[in-house]
Amino acid sequence: MGVKDNILTIQQEISSLCARIGRKLSEITLLAVIKEAEIAQVKVAIDAGIADIGENKVQEALIKYNRLNTQYACLPTRQAIPNTLKWHMIGHLQTNKVKDAVKIFDLIHSVDSLHLTQELDKQAKKINKVQDILIEVNTSGEKTKFGLKPDETIEVIKKTAEFKNVNIKGLMTIAPIVDNPENTRPYFRMLKELKDKINNLTNEQLTILSMGMSHDYKVAIEEGATIVRIGSAIFK
Ligand SMILES: *Cc1c(COP(=O)(O)O)cnc(C)c1O
């Protein structure tokens, strides 16, 4: 199957799942993760209606943005990349990449320290932007994973709330790799509960839960995901 069929299949899966569990389809964003995709495939995805794309690396996103622009500009009709397309940063963000990141990303999912929110505030301010971010939480406690510990999250969010040029929209997590997707459920549930707790204990109104990938997105949607990040199931 090609990229377009893969997207249609996933959209249908999400749609019937929403109907079954009583969630609105409009609450869920299908984010296409392009880190392993060819540019031609990314264009197929966009032309099939994908409005949100995600990359792990700032430099890769810049390169792909330029290549995509060339693809569209070379068409006989000389189109541009749809300007409604949203770019998401989902990989670990290094401080020295923040300056470029705030220029290109609509939403940065992988913010995991006060130091980083401070730098994001500083660089966003320089370009008169309020940068939307998510706080990455290490719900499984695995040492190999980035993200704040759940009990550190509130403190970082409270302090970040004082920064005028960053806006915390929600939380993000990556579940452990397991054979049975059902076993990811506790981590997604933990993230949802943490979001509710933060909304109760602070002035924040977090709305986004970025959780679920190719293998486990259905469980994540059952547990309240509003963005699912899907790579291999689209571009395999
Ligand atoms: C690669 C990646 C994804 C997509 O993973 P798939 O299993 O290919 O769907 C989602 N989120 C993050 C943070 C990733 O690095």
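Remember, it's 1-based here, ligands and their atoms both numbered in the order they're listed.
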Student: Are any of the side-chain nitrogens in Arg20 or Glu222 under 4.0 Å away from the carboxylate oxygens of its partner?
Tutor: yes
Student: Report, in ascending order of atom number, the atoms of ligand 1 lying under 4.0 Å from any heavy atom of Arg229.
Tutor: 4 (C), 9 (O), 10 (C), 11 (N), 12 (C), 13 (C)
Student: For residues Pro150 and Met190, determine if any side-chain heavy atom of one lies less than 4.5 Å from a side-chain heavy atom of the other.
Tutor: yes
Student: Any atoms of ligand 1 less than 4.0 Å from a non-hydrogen atom of Asn56? List them with their elements.
Tutor: 15 (O)
Student: Do NZ/NE/NH1/NH2 and the carboxylate oxygens of Asp121 and Lys125 come within less than 4.0 Å?
Tutor: no
Student: Nearest protein heavy-atom contact for atom 9 (O) of ligand 1: which residue, which atom, what distance?
Tutor: Ser214 OG, 2.5 Å
Student: Before accepting this row, confirm whether a basic side-chain N of the pair Glu60/Lys35 lies closer than 4.0 Å to the acidic partner's carboxylate O.
Tutor: no
Student: For atom 5 (O) of ligand 1, what is the nearest protein heavy atom, given as residue, atom name and distance?
Tutor: Met213 CE, 3.7 Å
Student: List every atom of ligand 1 that sits less than 4.0 Å from any heavy atom of Ile174, numbering the atoms from 1 in the order shown and giving each element.
Tutor: 13 (C)
Student: Looking only at distance, does Ala233 have an N or O less than 3.5 Å from an N or O of ligand 1?
Tutor: no
Student: Please say whether more than 12 non-hydrogen atoms of neighbouring residues, nucleotides or ligands are located less than 6.0 Å from NZ in Lys149.
Tutor: no
Student: Taking all non-hydrogen atoms of both residues into account, name the closest pair between Val58 and Ile104 and its distance.
Tutor: O-CD1, 4.0 Å
Student: So if I apply the salt bridge (Lys or Arg N to Asp or Glu O under 4.0 Å) rule between Glu223 and each of Arg185, Lys195, Lys218, which one comes out positive?
Tutor: Arg185
Student: I need the atoms of ligand 1 closer than 4.0 Å to a non-hydrogen atom of Lys35, numbered in the order shown.
Tutor: 1 (C), 2 (C), 3 (C), 14 (C), 15 (O)
Student: Are any of the heavy atoms in His215 under 4.0 Å away from ligand 1?
Tutor: no
Student: What atoms of ligand 1 come within less than 4.0 Å of a heavy atom belonging to Ile90?
Tutor: 11 (N), 12 (C), 13 (C), 14 (C)
Student: I need the nearest protein heavy-atom contact for atom 8 (O) of ligand 1: residue, atom name and distance, please.
Tutor: Ser232 N, 2.8 Å
Student: Would Lys145 and Glu136 pass as an ion pair if we require N to O under 4.0 Å?
Tutor: no
Student: Suppose I only count heavy atoms of Ile230 and a 4.0 Å limit; which atoms of ligand 1 are within that range?
Tutor: 9 (O)
